*Asks:* 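My structure is below; once you've seen it, I'll send some questions.
Along the sequence shown, residues are numbered consecutively beginning with 1. What you see is a predicted model; the values in this text were computed from it and never measured.
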Amino acid sequence: MTDTDYMKQALMEAQKAGERGEVPVGAVVVCKDRIIARAHNLTETLTDVTAHAEMQAITAAAATLGGKYLNECTLYVTVEPCVMCAGAIAWAQMGRLVFGAEDEKRGYQRYAPKALHPKTAVVKGVLADECAALMKDFFAAKRR
């Protein structure tokens, strides 16, 4: 499977979040060509500001692998991680980060562009339009 295929899986997670009234961000973790974790935002459900899709996915992936380092894994997330999630990605020593839409207001690139582990490879903009549309549609519906 390609980065686009895995991002489609993350988009499916984001849609689940939106259906639950959560901000529609989804994530999957892939290790050795296999999805080992799927997650979406759960901040409203869990009343926990740290329950971002990335945090949920990292926790699930570490549990699946039985270790805290994910250097052989790729995290696919529909929206650019925030600074908190970038820190967690760094601590997990994630091998790759692939994200869809950039987050100009709250993304790590704006506030902490060096937050990721130096060995983490980053790919930006995979299905960016689809990822951004999901967010825009969600917030437009909230404002109605």
*Asks:* Could you measure the distance from the NE2 atom of His40 to the CE atom of Met12? Nearest 0.5 Å is fine.
*Replies:* 12.0 Å
*Asks:* Would you check if the side chain of Gln9 reaches a backbone N or O of Val28 as a donor-acceptor pair within less than 3.5 Å?
*Replies:* no
*Asks:* Should the pair Phe99 and Tyr108 be assigned to parallel (<30°), tilted (30 to 60°) or perpendicular (>60°) ring geometry?
*Replies:* perpendicular
*Asks:* Search all heavy atoms of Ala88 against all heavy atoms of Met55 and return the closest pair with its distance.
*Replies:* CB-SD, 3.4 Å
*Asks:* Can you tell whether the side chains of Glu13 and Lys16 come within less than 4.0 Å, N to carboxylate O?
*Replies:* yes
*Asks:* Quick one: pull up CD in Gln109 and CD in Glu104 and give me the separation to the nearest 0.5 Å.
*Replies:* 9.5 Å
*Asks:* Could you give the distance from CD (Gln56) to CG (Leu42), rounded to the nearest 0.5 Å?
*Replies:* 5.0 Å
*Asks:* What are the two closest non-hydrogen atoms of Ala17 and Pro24, and how far apart are they?
*Replies:* CB-CA, 4.0 Å
*Asks:* Which atom names give the shortest non-hydrogen contact between Val79 and Met135, and what distance separates them?
*Replies:* CG2-CG, 3.8 Å
*Asks:* So, Asn41 side chain and Ala53 main chain: donor-acceptor pair closer than 3.5 Å or not?
*Replies:* yes
*Asks:* When Ile89 is tested against each of His117, Arg96, Met94 for side-chain contact (heavy atoms from CB on, under 4.5 Å), which residue passes?
*Replies:* Met94
*Asks:* Just verifying a value: how many Å separate Thr45 OG1 and Glu22 CD, rounded to the nearest 0.5 Å?
*Replies:* 3.5 Å
*Asks:* Ion pair present between Lys32 and Glu72, side-chain N to carboxylate O less than 4.0 angstrom?
*Replies:* yes
*Asks:* Taking all heavy atoms of Ala101 and all of Cys131, pick out the closest pair and write down the distance.
*Replies:* N-CB, 3.8 Å
*Asks:* Could you see if Met7 belongs to whatever hydrophobic cluster contains Val122? Use Ile, Leu, Val, Met, Phe, Trp, Tyr and a side-chain cutoff under 4.5 Å.
*Replies:* no
*Asks:* Does a side-chain heavy-atom distance below 4.5 Å link Thr43 with Val23?
*Replies:* no
*Asks:* How long is the straight-line distance from NZ of Lys68 back to CG of Leu70, given to the nearest 0.5 Å?
*Replies:* 11.0 Å
*Asks:* Please name the pair of heavy atoms, one in Leu97 and one in Thr120, separated by the smallest distance, quoted to 0.1 Å.
*Replies:* N-CG2, 3.9 Å
*Asks:* Applying a strict under-4.5 Å side-chain criterion to I, L, V, M, F, W and Y, I'd like to know whether Val98 and Val30 cluster together.
*Replies:* yes
*Asks:* Please answer: with hydrophobic residues joined when any side-chain heavy atoms are less than 4.5 Å apart, are Val25 and Phe138 in the same cluster?
*Replies:* yes
*Asks:* If only atom types and distance count, is the side chain of Tyr76 paired as donor or acceptor with the main-chain N or O of Gly100 below 3.5 Å?
*Replies:* no
*Asks:* May I ask you to decide if Glu54's main-chain N or O and His52's side chain share a donor-acceptor pair within less than 3.5 Å?
*Replies:* no
*Asks:* Would you say Ile58 and Leu65 are hydrophobically clustered, going by side-chain heavy atoms of ILVMFWY under 4.5 Å?
*Replies:* yes
*Asks:* Restricting to non-hydrogen atoms, name the atom on Ala57 and the atom on Ala37 that form the minimum distance, rounded to 0.1 Å.
*Replies:* O-CB, 3.5 Å
*Asks:* Nearest 0.5 Å, what's the SG-CZ distance between Cys85 and Arg106?
*Replies:* 12.5 Å
*Asks:* Would Ile35 and Leu127 show up in the same hydrophobic cluster when neighbours are defined by side-chain heavy atoms closer than 4.5 Å?
*Replies:* yes
